[in-house]
> 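Once you've had a glance at the structure underneath, I'll fire off some questions.
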Amino acid sequence: MRKDRKIRILLAKAGPDTHVRGISILMSRLRDAGMETIYTGLYQSPETIVEAAVQEDVDFIFLSSHLGRHVALARDIMSLLKKKGVYKRIALAVGGVIPKRDFEPLREIGVAGAFQPHTLANVVIDFVNNYVAQADKKAG
């Protein structure tokens, strides 16, 4: 994933979802933890999210979803990451209103992590650090 540089995370909102409070707080906390964050803004499509992730050379895409389309959006994003040949380099995590029943379908799609409302920022930060450490071990 990373090569002796800060962890880079793209935070994204897709479609008409305008709930930004959680993603704004998470972005600030990730920065406080020493990570670089890039925010795509509102009304993004899976295509624009993946294009930005590739351009910015990020380690993670964090998709914030509050409208119940997280599984379909994750499927589209993972498909695009595979088409571009970067799905092993860029991980996808999903947060927002994510029912527990959707955790397994998200994992099956290839989503690295799923987080429900009110997940503490340190839980997400620990997840990112552990995920990157494991990826670095595998890379060698």
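Each residue takes its place number in the sequence, starting with 1.
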> Using modelled atom types and a 3.5 Å cut-off, is there a donor and acceptor pairing between side-chain atoms of S28 and backbone atoms of I25?
no
> Compare all side-chain heavy atoms of H66 with those of S64 and state whether any distance is below 4.5 angstrom.
yes
> Quick one: pull up CD1 in I9 and CZ in F62 and give me the separation to the nearest 0.5 Å.
5.0 Å
> Is there a side-chain contact between L67 and V97 in this structure, where contact means two heavy atoms from C-beta onward sitting under 4.5 Å apart?
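Not touching, per the 4.5 Å side-chain cut-off.
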> I'd like to know whether V111 forms a side chain to side chain contact (heavy atoms under 4.5 Å, CB included) with I77, so could you lay out the CA-CA distance, the side-chain angles of the two residues, the decisive distance to 0.1 Å, and finally the verdict.
CA-CA 10 Å; V111 173; I77 289 169; over 6 Å; no
> Can you tell if the side chain of V94 reaches within under 4.5 Å of the side chain of F115, non-hydrogen atoms only?
no
> What's the separation between atom CG in L26 and atom CZ in R31, rounded to the nearest 0.5 Å?
10.5 Å
> Mind checking the CG-CZ spacing from L80 to R75? Nearest 0.5 Å is all I need.
13.0 Å
> Once rounded to the nearest 0.5 Å, what's the spacing between atom CG of L106 and atom CZ of R101?
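Taking CG in L106 and CZ in R101, the distance rounds to 11.0 Å.
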> For D102 and I98, indicate whether the former's side chain and the latter's backbone hold a donor-acceptor pair under 3.5 Å.
no
> Specify the closest pair of heavy atoms between A91 and Y131, including all atoms of both residues, with the distance to one decimal.
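Nearest heavy atoms, A91 then Y131: CB-CE2, 3.7 Å.
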> Kindly compute the distance separating CG (L10) from OH (Y39), expressed to the nearest 0.5 Å.
10.5 Å
> If I take atom CD1 from residue I7 and atom OG1 from residue T37, how far apart are they, to the nearest 0.5 angstrom?
12.5 Å
> With a 4.0 Å cut-off on N to O distance, would you call R8 and E36 a salt bridge?
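Looking at E36 together with R8, the answer is yes, because their closest N to O distance falls below 4.0 Å.
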> Which heavy atom of A112 sits nearest to which heavy atom of F60, and what is that distance?
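Closest approach of A112 to F60, heavy atoms only: CB-CE2, 4.4 Å.
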> Where the side chain of Q44 meets the backbone of L42, is there a donor-acceptor pair that is under 3.5 Å apart?
yes
> Without swapping roles, check the side chain of D17 against the backbone of H19 for a donor-acceptor pair under 3.5 Å.
yes
> State plainly whether the residues R5 and D59 are in salt-bridge range, i.e. N to O under 4.0 Å.
yes
> Can you list every pair that meets side-chain hydrogen bond (donor to acceptor under 3.5 Å, both in side chains) and has a residue in residues 109-124, with sequence neighbours left out?
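Found none.
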> Checking the side chain of E56 only, and the main-chain atoms of A52 only, is there a donor and an acceptor separated by less than 3.5 Å?
no
> Measuring only between side-chain heavy atoms, which start at C-beta, is T40 closer than 4.5 Å to T48?
no
> Is any NZ, NE, NH1 or NH2 atom of the basic residue among D57 and R89 found under 4.0 Å from an Asp or Glu carboxylate oxygen of the other?
yes
> Considering non-hydrogen atoms only, spot the tightest contact between I49 and A14 and give its length.
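What the structure gives for the nearest pair is CD1-CB, 4.1 Å.
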> Side chains of M78 and L92: closer than 4.5 Å at any heavy-atom pair?
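In short, these two side chains touch, coming nearer than 4.5 Å.
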> In chain order, what residues pass the salt bridge (Lys or Arg N to Asp or Glu O under 4.0 Å) check against E51, with sequence neighbours excluded?
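With sequence neighbours excluded, E51 shows a salt bridge (Lys or Arg N to Asp or Glu O under 4.0 Å) to K84, given in chain and number order.
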